[in-house]
Trainee: 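Got a structure for you, written out below as structure tokens; questions coming shortly.
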Amino acid sequence: MSITNVARCQQTARSCSGPAFSMLSPVKSAKMSLDSSVTQRKIKRNIKKQRPSKIGGDRWIPTRNNAQMETAAFLLTKEKEPVDTNNSALLHVSCWVCCFFFKSHLQKLCFCKSNYCILISATCLLNQKHKAWSMLLNGCDIDKAKVLNIRGKSLDAPGGFQNNLEVCYSQDLIGAKKMRWISSTADRVLDAPRLHKDFELNLFDWNSQNMLLIALHKTVYLWNATRGATRLLKLKHGEGYVSSLSSSKDGNCIAVGTSNRDIQLWDVEREKRLRTMTGLRARVSCLSWNDHVLSSGSKSGRIRHHDVRVADHHICTVAGHSQDVCGLQWSPNGQYLASSSKDGVVKVWSRVQEGSISNVQKPVHSWSHHQGAVKAVAWCPWQTNILASGGGTNGCCIQFWNMYNGACVKSLDTQSQISSVMFAPNYRELVSAHGGSHNNVVIWKYPSLTKVAELSGHEKRILSMAMSPDKSTIATLAEDETIRLWKSFEMNRVKKVKIVMPTGRSVNETIR
């Protein structure tokens, strides 16, 4: 009966009793009380019972009779009481009882130091017997019973009822696609003082031995998470400054280009200079490895190929650009070399055959669609015929070129200067680093080119970008003299737990 009906019954009963009900004498109070109760019962019969609606109701309220109060009391009071092992009579009787019931199953007897009989083979049968008696008497295994154990099952839901929570949490998520969480802040920040702030230079790399390479004026440093920063080399007086660097495929050798028009090869493990290659006409602004062939681009617009295995290292020189060559990148199969220049032209060259001395090599493709200087070039690792190039301040567009026919497949306007682009194979995405007014890193889904995430933190223009060997982390170098590491491409990562640094430990670290 609802609260409204109860109140209505009480009001009706008061009206039937009359105003003189409170003025009755004690002698007549019992009779009037009987009459009023009869009247209330009649009124209750006439009132239609209203039951609550079952739509959306899934509550099951057990009765007190189903609650095993005896079992709960035993578990609360008797369960943790220590067993009296000194009661020899009880142990002796238990042994004879076990012998009486399990005489046919007895296989082996042994006697302990206290001269009491312990039945080894009958222990398992005794436990089963104990469990059977517990299930018969209590309805559950007393050893595994909960303090509050309810007999019976819940009532069945009415026909057509659907529990939304059960549907939500009981779906099969094996084939479901998990959401990826990308932090918009850097996981680690490193200081890079005395950085040469020149857009055309390439002073940053990440080798296959998981070591970051950074050139700060005349010095080249190596950094990894375990050992920290170590100095690899420092140019002497008169050797100029470091203008470019690149690590070999195995990570054992580092090529260092200088403003003094030469290239030095250094052994990483021994920290020793192997050789110096001269003969260039201008500052070396970019380097790229292809097995034992090292290609260099200079400020004069020429591209020079070197064979680092032989003393006469020069293979050939190509005059392909009219201004400073800012980007060089060999394709994953090692058959084509992409070059970009300050003149806004992107060219693709075929691999030079060993022994060739011709300087009149023609490019396979030449594109001049960009409106400004082009530094960023990158090959797609899962589509080796696709090349991406990013324009400077005037262009602000990323162009995608097809090597087979030379056509522009796609174009993306980023509204900002592009200093570096690269493909992330873990999720098949494109990453672009920007300068100008944004100074951020943007992750794009490829080939739809929809924006996935935007990483901010640099206060000035980003100059270079590198990716870790496992393709899970990118590092960016900016004019604010900082290096930021972003773990944005870790596989099978649904949500990252934020780690609170201990008190007194700084997040920032310095390279030197």
Trainee: Listed by chain and number, what are the side chain to side chain contact (heavy atoms under 4.5 Å, CB included) partners of Cys397, not counting sequence neighbours?
Mentor: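 Testing Cys397 for side chain to side chain contact (heavy atoms under 4.5 Å, CB included), a comparison that skips the adjacent residues, returns Gln399, Ser411, Asp413.
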Trainee: Determine the minimum heavy-atom distance between Ser340 and Val346, stating which atoms define it.
Mentor: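 So the two residues come closest at CB-CG2, 4.4 Å.
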Trainee: Kindly compute the distance separating OG1 (Thr384) from CG (Asn333), expressed to the nearest 0.5 Å.
Mentor: 5.5 Å
Trainee: Applying ring pair (Phe, Tyr, Trp, His ring centres under 6.0 Å), name anything that partners His305, two or more places apart in sequence or on another chain.
Mentor: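 Here no residue qualifies.
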Trainee: Does any donor atom in the side chain of Asn394 or Gln417 lie under 3.5 Å from an acceptor atom in the other side chain?
Mentor: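 Gln417 and Asn394 do not have a side-chain donor-acceptor pair below 3.5 Å.
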Trainee: Taking C-beta and beyond as the side chain, do Thr476 and Ile483 meet within less than 4.5 Å on heavy atoms?
Mentor: no
Trainee: Spell out, as yes or no, whether a donor-acceptor pair under 3.5 Å connects the side chain of Asn202 to the backbone of Ser464.
Mentor: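 It does not hold such a pair.
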Trainee: Sort and list the pairs that fulfil salt bridge (charged side-chain N to carboxylate O under 4.0 Å, His left out) and have at least one residue in residues 458-474, not counting sequence neighbours.
Mentor: Arg461-Glu479
Trainee: Tell me if a side-chain donor or acceptor on Asn290 pairs with a main-chain N or O of Val293 at a distance below 3.5 Å.
Mentor: no
Trainee: Taking all heavy atoms of His321 and all of Ser339, pick out the closest pair and write down the distance.
Mentor: NE2-OG, 2.9 Å
Trainee: Step by step, would you call Ser322 with Asp343 a side-chain hydrogen bond (donor to acceptor under 3.5 Å, both in side chains)?
Mentor: CA-CA 6 Å; Ser322 60; Asp343 58 8; 3.2 Å; yes
Trainee: I'd like to know if the side chain of His434 pairs up with that of Ser432 as donor and acceptor (distance under 3.5 Å, no hydrogens or angles considered).
Mentor: yes
Trainee: Hey, does Phe204 have a side-chain heavy atom less than 4.5 Å from the side chain of Leu195?
Mentor: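 Leu195 does not reach Phe204 side chain to side chain.
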Trainee: Do Arg180 and Tyr427 touch side chain to side chain, with heavy atoms closer than 4.5 Å?
Mentor: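 They are in contact (side-chain heavy atoms under 4.5 Å apart), so the answer is yes.
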Trainee: Does a donor on one side chain and an acceptor on the other come within less than 3.5 Å for Ser298 and Ser300?
Mentor: yes
Trainee: Once side chain to side chain donor-acceptor pair (under 3.5 Å) is applied, what residue pairs with a partner in residues 363-374 remain, sequence neighbours excluded?
Mentor: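 Listed by first then second residue: His370-Ser389.
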Trainee: For Ser437, enumerate each residue passing the side chain to side chain donor-acceptor pair (under 3.5 Å) test, keeping only those at least two apart in sequence or located in another chain.
Mentor: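 Checked Ser437 against side chain to side chain donor-acceptor pair (under 3.5 Å); zero matches.
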Trainee: Roughly how far, to the nearest 0.5 Å, is the OG atom of Ser296 from the CG atom of Asp262?
Mentor: 11.0 Å
Trainee: Does a side chain donor of either Thr473 or Trp486 reach within less than 3.5 Å of an acceptor in the other side chain?
Mentor: no
Trainee: Do Met211 and Trp206 come within less than 4.5 Å of each other through their side chains, counting heavy atoms only?
Mentor: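 No. Closest side-chain heavy atoms not under 4.5 Å.
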Trainee: Residues in side chain to side chain contact (heavy atoms under 4.5 Å, CB included) with Ser244, at least two apart?
Mentor: Val284, Leu287
Trainee: Check whether Arg275 reaches the backbone of Val308 with its side chain - one donor and one acceptor, N or O, closer than 3.5 Å.
Mentor: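 Present.
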Trainee: Which pairs, with at least one residue in residues 232-258 and sequence neighbours excluded, count as a ring pair (Phe, Tyr, Trp, His ring centres under 6.0 Å)?
Mentor: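 Ring pair (Phe, Tyr, Trp, His ring centres under 6.0 Å) check on residues 232-258 returns His196-Tyr241.
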Trainee: Enumerate the residue pairs fulfilling salt bridge (charged side-chain N to carboxylate O under 4.0 Å, His left out) with a member in residues 285-296, sequence neighbours excluded, ordered by first and then second residue.
Mentor: none
Trainee: Please enumerate all residues that pass side chain to side chain contact (heavy atoms under 4.5 Å, CB included) together with Ala215, with sequence neighbours excluded.
Mentor: Leu203, Val220, Val242, Leu245
Trainee: Roughly how far apart are Ile263 CD1 and Thr278 OG1, rounded to 0.5 Å?
Mentor: 9.5 Å
Trainee: How far apart are the closest heavy atoms of Trp444 and Leu449, and which atoms are they?
Mentor: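 Closest pair (atom of Trp444, atom of Leu449, distance): CE3-O, 3.6 Å.
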Trainee: Go through the side-chain N and O atoms of Asn402 and Asn385 and say whether any donor and acceptor fall under 3.5 Å apart.
Mentor: yes
Trainee: Salt bridge or not between Lys375 and Glu200? Use side-chain N to carboxylate O under 4.0 Å.
Mentor: no
Trainee: If you take all heavy atoms of Ser341 and Cys326, which pair is closest and at what distance?
Mentor: C-SG, 3.8 Å
Trainee: Is there a donor in the side chain of Asn260 and an acceptor in the side chain of Glu239, or the other way round, less than 3.5 Å apart?
Mentor: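 Distance-only check fails for Asn260 and Glu239.
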Trainee: For residues 250-261, which residue pairs pass the salt bridge (charged side-chain N to carboxylate O under 4.0 Å, His left out) check, not counting sequence neighbours?
Mentor: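 Applying salt bridge (charged side-chain N to carboxylate O under 4.0 Å, His left out) to every pair that reaches into residues 250-261, excluding sequence neighbours, yields nothing.
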Trainee: With a 4.5 Å cut-off on side-chain heavy atoms, are Leu294 and Met277 touching?
Mentor: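 Answer yes - side chains close enough.
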Trainee: Looking at Tyr336, is Arg351 sitting on its ring face, NZ or CZ under 6.0 Å from the six-membered ring centre and within 45 degrees of the normal?
Mentor: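 That pair does not qualify as a cation-pi contact.
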Trainee: Which heavy atom in Trp330 sits nearest to a heavy atom in Ser295, and how many Å separate them?
Mentor: NE1-OG, 3.2 Å
Trainee: Give the minimum heavy-atom separation between Glu429 and Trp382, together with the two atoms involved.
Mentor: N-CH2, 3.8 Å
Trainee: Is there a side-chain contact between Met403 and Val348 (heavy atoms, below 4.5 Å)?
Mentor: yes
Trainee: Counting C-beta onward and ignoring hydrogens, is there a side-chain heavy-atom pair between Leu212 and Asn224 closer than 4.5 Å?
Mentor: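 Heavy-atom side-chain distance check fails, nothing below 4.5 Å.
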Trainee: Rounded at 0.5 Å granularity, tell me how far OG in Ser285 sits from CG in Leu201.
Mentor: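 Answer rounded to 0.5 Å: 7.0 Å.
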Trainee: Is the CZ atom of Arg281 crowded by more than 12 outside heavy atoms at less than 6.0 Å?
Mentor: no
Trainee: Would the distance check show the side chain of Asp187 and the main-chain N or O of Lys487 forming a donor-acceptor pair, the cut-off being under 3.5 Å?
Mentor: yes
Trainee: His292 and side-chain hydrogen bond (donor to acceptor under 3.5 Å, both in side chains): which partner among Lys249, Arg309, His306?
Mentor: Arg309
Trainee: Donor-acceptor check, side chain of Ser420 to backbone of Ala433, threshold 3.5 angstrom: yes or no?
Mentor: no
Trainee: Side chains of Gln383 and Phe400, heavy atoms from C-beta outward: is any pair under 4.5 Å?
Mentor: no
Trainee: Are the side chain of Asp205 and the backbone of Leu213 linked by a donor-acceptor contact shorter than 3.5 Å?
Mentor: no
Trainee: What salt bridge (charged side-chain N to carboxylate O under 4.0 Å, His left out) pairs are there with at least one residue in residues 313-341, not counting sequence neighbours?
Mentor: Arg283-Asp324
Trainee: Does Lys197 have any salt bridge (charged side-chain N to carboxylate O under 4.0 Å, His left out) partners at least two apart in sequence or in another chain, and if so, which?
Mentor: Glu481
